[in-house]
Trainee: 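The structure's right below; bear with me while I get my questions together.
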Amino acid sequence: MAHRLCTMLLQALLVTVVSCNAPPVPLDDIVIEKTFTPPSCDRAVRSGDFVRYHYLGSFPDGKKFDSSYDRGSTYNVFVGKKQLIEGMDKALLDMCVNERRLVKIPPKLAYGERGYGDVIPPNSILHFDVLLLDIWNPEDKVQIKTYYLPEGCTRTVQVSDFVRYHYNGTLLDGTLFDSSHNRMRTYDTYVGIGWLIAGMDQGLLGMCVGEKRIITMPPSLGYGENGDGSDIPGQASLVFDVNLIDFHNPKDSIAVEKVYVPESCKRRSKAGDFVRYHYNGTLQDGTFFDSSHSRNRTYDTYIGKGYVIAGMDEGLLDLCIGERRKITIPPHLAYGEEGTGTKIPGSAVLVFDIHVIDFHNPSDTVDIQTVYKPPDCSILSKKGDFIKYHYNATLMDGTLLDSTYTYGKTYNVVLGSGQVVIGMDLGLRDMCVGEKRKVIIPPHLGYGEQGVDGEVPGSAVLVFDIEIIEMDPGLPEGYMFVWNSDVSPNVFAEMDKNSDGQVDSVEFSIYIHHQVATGNGKLAPGFSATSIIDTMFSNQDRNADGKITLEEFKLKDQEDRHDEL
């Protein structure tokens, strides 16, 4: 019963898997035994397909009469077009790539009563051990199967784009013939202008950066009848597993995505400005190549002057302080076909995530903003005044540098004496006690390119929130001491306590201190009284003998020179 059922199935299906004993000779039809079936079968042979297969031909007694393996090449032929013996035409139907079959063909479906020369005798049953390696059809087009598609694909590959991609190239049976991964570098080329085989030219179109595809093409769109002369045989279907790394077009300019723009933006960067910014640099597929954050310092440069790559020069224009941007730069505006030779490959599209910390222009002056002015603000600070003030000092991004409030005491300076940076000196001018200001100081009026090691970065714009707490008016310019009352006509005699006709430094110091203590005179505020008096004495001791004589002694209004008295 089992034998009859097996025979009926063979006659009905022509090609089948035989799990029972083969029928006795003579055969009426082919008998097929599937000795290996691949786990998956995307496509099976149909009539009209072109196939490439290996075979071993033998007689029932095991004697070999032919083998494609001996010739070192597959047998390539159309199925169902009478290019094969009838039994093989039937035996190949419904086969999958990498499937292996043992086929038994009766004489009437092989070489019949005539046989084939001296090779195959008449009425011979033929056994073929067949391994199918390839299938295609003249009507086949490129087949694309995307197995990974990244989110946020805003642009896809078009004709004339330049692409960089990795690939593994295999035959349809999985035999590897080439891989960019093995060479550890991408394949870089233009798309759609004939630089690639036709199937790849078509298969790359519409891809996103980061997308992964399987591109399958018939030989007519690959290497055709002759193959490539080495690893790719003639009439071979090709399968490329492609990962698109990046692409651009020679006509591309930079692309700018504004990630964050501060609400308040009084000024935007322009050519000639000096910019301090942080950045993360990646390739278009996300591969990291550099970061200012890893060095824990900003990148500082002029823009619009060719100090940075052209794309960055352009991408840093029209920015606000504090703004964050993503700048995508094509290679012709970055490092070109050569790359950097290390972390940036040739023809690479670069992506910079930047955060602008501050910028200034060499022509900038101090920016003074009045925050609060008391009702009575008639007495204004000037050069020579002794000022006591509080401040908070920050960078433009809000990073706190210093604050007098943390010390619980004011910062005290004499305006115009060089005790603070020029920008602060200017920012403290024309203020009254109780007034509050925001003073923005460019680096050339602050701490310059060097900054203060460990405290103020080089080329940093500084922001001071200041409030004057006390102010002691200074003396007229050029004076260290002034009289508050009428000058005694006997100044020298009053100094000369021992009446010896000369004044020594002790007598001089006692006298000046007394005048200040009684309110008759005033020393320049903010300086050491001892130092001022010593200087005054030296100026009067014209012959430097340690004594002042009446002939040496001069009051300020007695001569044009700036003597203290």
Side-chain angles (χ1 to χ4, degrees), residues 366 377-389 409-433 435 445 448 468-565:
V366 177
C377 193
S378 56
I379 300 176
L380 303 180
S381 58
K382 64 185 183 303
K383 183 178 181 180
D385 287 353
F386 182 57
I387 306 294
K388 295 182 178 182
Y389 66 100
K409 60 181 181 180
T410 57
Y411 196 78
N412 309 327
V413 300
V414 176
L415 292 184
S417 65
Q419 295 177 359
V420 289
V421 295
I422 296 174
M424 179 58 79
D425 206 311
L426 295 173
L428 287 166
R429 303 287 180 97
D430 298 318
M431 287 186 75
C432 60
V433 173
E435 185 175 345
L445 298 175
I468 290 186
I469 304 302
E470 294 183 23
M471 179 167 58
D472 188 355
L475 305 186
E477 186 173 358
Y479 287 78
M480 292 184 178
F481 173 86
V482 294
W483 297 97
N484 291 331
S485 59
D486 292 337
V487 181
S488 169
N490 300 313
V491 171
F492 185 81
E494 293 171 4
M495 287 185 185
D496 185 14
K497 291 294 184 182
N498 60 7
S499 302
D500 63 352
Q502 53 188 8
V503 176
D504 62 20
S505 61
V506 174
E507 291 174 316
F508 187 86
S509 177
I510 291 173
Y511 181 81
I512 297 298
H513 275 297
H514 179 72
Q515 300 307 310
V516 172
T518 57
N520 290 327
K522 179 179 181 180
L523 292 170
F527 298 100
S528 164
T530 299
S531 297
I532 292 178
I533 294 172
D534 287 346
T535 300
M536 292 171 63
F537 181 83
S538 296
N539 290 341
Q540 292 291 333
D541 181 15
R542 303 176 193 280
N543 62 6
D545 64 352
K547 304 287 185 179
I548 302 173
T549 62
L550 182 60
E551 288 75 19
E552 290 176 307
F553 184 74
K554 302 289 185 192
L555 291 177
K556 174 70 175 178
D557 57 1
Q558 290 180 292
E559 55 180 20
D560 294 332
R561 296 194 308 276
H562 283 200
D563 293 329
E564 285 64 31
L565 294 174

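In what follows, residues are counted from 1 in the order of the sequence shown.
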Trainee: What are the two closest non-hydrogen atoms of Asn520 and Ser485, and how far apart are they?
Mentor: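 In this case the closest contact between Asn520 and Ser485 is OD1-OG, 3.3 Å.
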Trainee: Check whether any side-chain heavy atom of Phe481 lies under 4.5 Å from a side-chain heavy atom of Gln515, and answer yes or no.
Mentor: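 A side-chain contact under 4.5 Å exists here.
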Trainee: How long is the straight-line distance from CE of Met471 back to CE of Met431, given to the nearest 0.5 Å?
Mentor: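 It comes to 9.0 Å.
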Trainee: On a heavy-atom basis, which atom in Tyr411 and which in Val420 lie closest, and how many Å separate them?
Mentor: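 For Tyr411 and Val420, the tightest heavy-atom pair comes out as CE2-CG1, 3.7 Å.
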Trainee: How far does CZ of Arg542 sit from CD of Glu551, to the nearest 0.5 angstrom?
Mentor: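 Spacing of CZ (Arg542) from CD (Glu551) equals 11.5 Å.
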Trainee: Which heavy atom of Glu477 sits nearest a heavy atom of Lys383, and at what distance?
Mentor: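 What the structure gives for the nearest pair is OE2-NZ, 3.4 Å.
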Trainee: How about Ile379: does its CD1 atom have over 12 heavy atoms from other parts shown lying under 6.0 Å from it?
Mentor: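 No - once you tally the heavy atoms of other residues, nucleotides and ligands closer than 6.0 Å, there are 12 at most.
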Trainee: Once rounded to the nearest 0.5 Å, what's the spacing between atom CE of Met495 and atom CD1 of Ile510?
Mentor: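 Reported to 0.5 Å precision, the distance equals 12.0 Å.
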Trainee: For Tyr511, enumerate each residue passing the ring-ring contact (aromatic ring centres under 6.0 Å, His included) test, keeping only those at least two apart in sequence or located in another chain.
Mentor: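 Partners of Tyr511 by the ring-ring contact (aromatic ring centres under 6.0 Å, His included) criterion come out as none, since no residue qualifies.
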Trainee: How far does OG1 of Thr410 sit from CD1 of Ile468, to the nearest 0.5 angstrom?
Mentor: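 Rounded to the nearest 0.5 Å, the OG1-CD1 separation comes to 11.0 Å.
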Trainee: Does Leu380, at its CG atom, have more than 12 non-hydrogen atoms belonging to other residues, nucleotides or ligands within less than 6.0 Å?
Mentor: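 For Leu380, atom CG is crowded (more than 12 foreign heavy atoms under 6.0 Å).
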Trainee: Which heavy atom of Glu435 sits nearest to which heavy atom of Cys377, and what is that distance?
Mentor: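 Taking Glu435 first and Cys377 second, the nearest heavy atoms are OE1-SG, 3.8 Å.
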Trainee: Going by the salt bridge (Lys or Arg N to Asp or Glu O under 4.0 Å) test, which pairs reach into residues 526-540, not counting sequence neighbours?
Mentor: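 For residues 526-540: none.
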Trainee: Measure the shortest side-chain to side-chain distance between Met424 and Tyr389 over non-hydrogen atoms and say whether it is less than 4.5 angstrom.
Mentor: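 A side-chain contact exists here, since the closest heavy-atom pair is under 4.5 Å.
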Trainee: With no hydrogens and no angle check, just 3.5 Å: does a side-chain donor-acceptor pair link Glu494 and Ser488?
Mentor: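 The answer is yes; a qualifying pair exists.
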Trainee: Just by distance, do the side chain of Asp541 and the backbone of Ile548 share a donor-acceptor pair under 3.5 Å?
Mentor: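 Side chain of Asp541 to backbone of Ile548: no pair is present.
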Trainee: Just to verify, what does Phe386 make a ring-ring contact (aromatic ring centres under 6.0 Å, His included) with, not counting sequence neighbours?
Mentor: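 Result, ring-ring contact (aromatic ring centres under 6.0 Å, His included) vs Phe386: none returned.
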Trainee: Can you name the residues that form a salt bridge (charged side-chain N to carboxylate O under 4.0 Å, His left out) with Asp430, not counting sequence neighbours?
Mentor: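 Counting only residues at least two positions away or on another chain, Asp430 forms no salt bridge (charged side-chain N to carboxylate O under 4.0 Å, His left out).
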Trainee: Do the side chains of Leu428 and Val413 get nearer than 4.5 Å, heavy atoms only?
Mentor: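 In short, these two side chains touch, coming nearer than 4.5 Å.
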Trainee: Check side chain to side chain donor-acceptor pair (under 3.5 Å) between Asp496 and all other residues, then give those that pass, not counting sequence neighbours.
Mentor: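 Applying side chain to side chain donor-acceptor pair (under 3.5 Å) to Asp496 gives none.
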Trainee: Measure the shortest side-chain to side-chain distance between Val421 and Leu445 over non-hydrogen atoms and say whether it is less than 4.5 angstrom.
Mentor: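 No, too far: nothing below the 4.5 Å cut-off.
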Trainee: Looking at Lys388, is its backbone amide N or carbonyl O close enough to the side chain of Glu470 to form a donor-acceptor pair, meaning the two atoms are under 3.5 Å apart?
Mentor: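 No.
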Trainee: Rounded to the nearest 0.5 Å, how far apart are CD1 of Ile532 and OG1 of Thr535?
Mentor: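 Reported value, rounded in 0.5 Å steps: 7.5 Å.
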Trainee: Can a donor-acceptor pair be found, under 3.5 Å and without considering hydrogens, that links the side chain of Asp385 to the backbone of Lys382?
Mentor: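 Yes, because the side chain of Asp385 sits within donor-acceptor range (under 3.5 Å) of the backbone of Lys382.
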Trainee: Looking at Pro473 and Pro525, what are the two nearest heavy atoms and their distance?
Mentor: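 Scanning both residues, the minimum pair turns out to be O-CG, 3.6 Å.
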Trainee: Do Lys522 and Asp472 meet the salt-bridge criterion of a basic N to acidic O distance under 4.0 Å?
Mentor: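 Counted as a salt bridge, because a side-chain N and a carboxylate O are separated by less than 4.0 Å.
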Trainee: Nearest 0.5 Å, what's the OG-CG distance between Ser417 and Asp425?
Mentor: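 CG of Asp425 is found 7.0 Å from OG of Ser417.
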Trainee: Go through it in stages, so that I can follow the logic: the residues are Thr549 and Asn543, the test is side-chain contact (heavy atoms from CB on, under 4.5 Å), and I'd like the CA-CA distance, side-chain angles, deciding distance and then a yes or no.
Mentor: CA-CA 10 Å; Thr549 62; Asn543 62 6; 5.9 Å; no
Trainee: Going by the salt bridge (Lys or Arg N to Asp or Glu O under 4.0 Å) test, which pairs reach into residues 479-492, not counting sequence neighbours?
Mentor: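 Listed once each, the pairs would be none.
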Trainee: Can you say whether the rings of Phe492 and Phe553 are parallel (under 30°), tilted (30 to 60°) or perpendicular (over 60°)?
Mentor: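 Ring orientation of Phe492 relative to Phe553: tilted.
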Trainee: Which heavy atom of Met536 sits nearest a heavy atom of Met480, and at what distance?
Mentor: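 Smallest heavy-atom distance, with atoms named: CG-CB, 4.4 Å.
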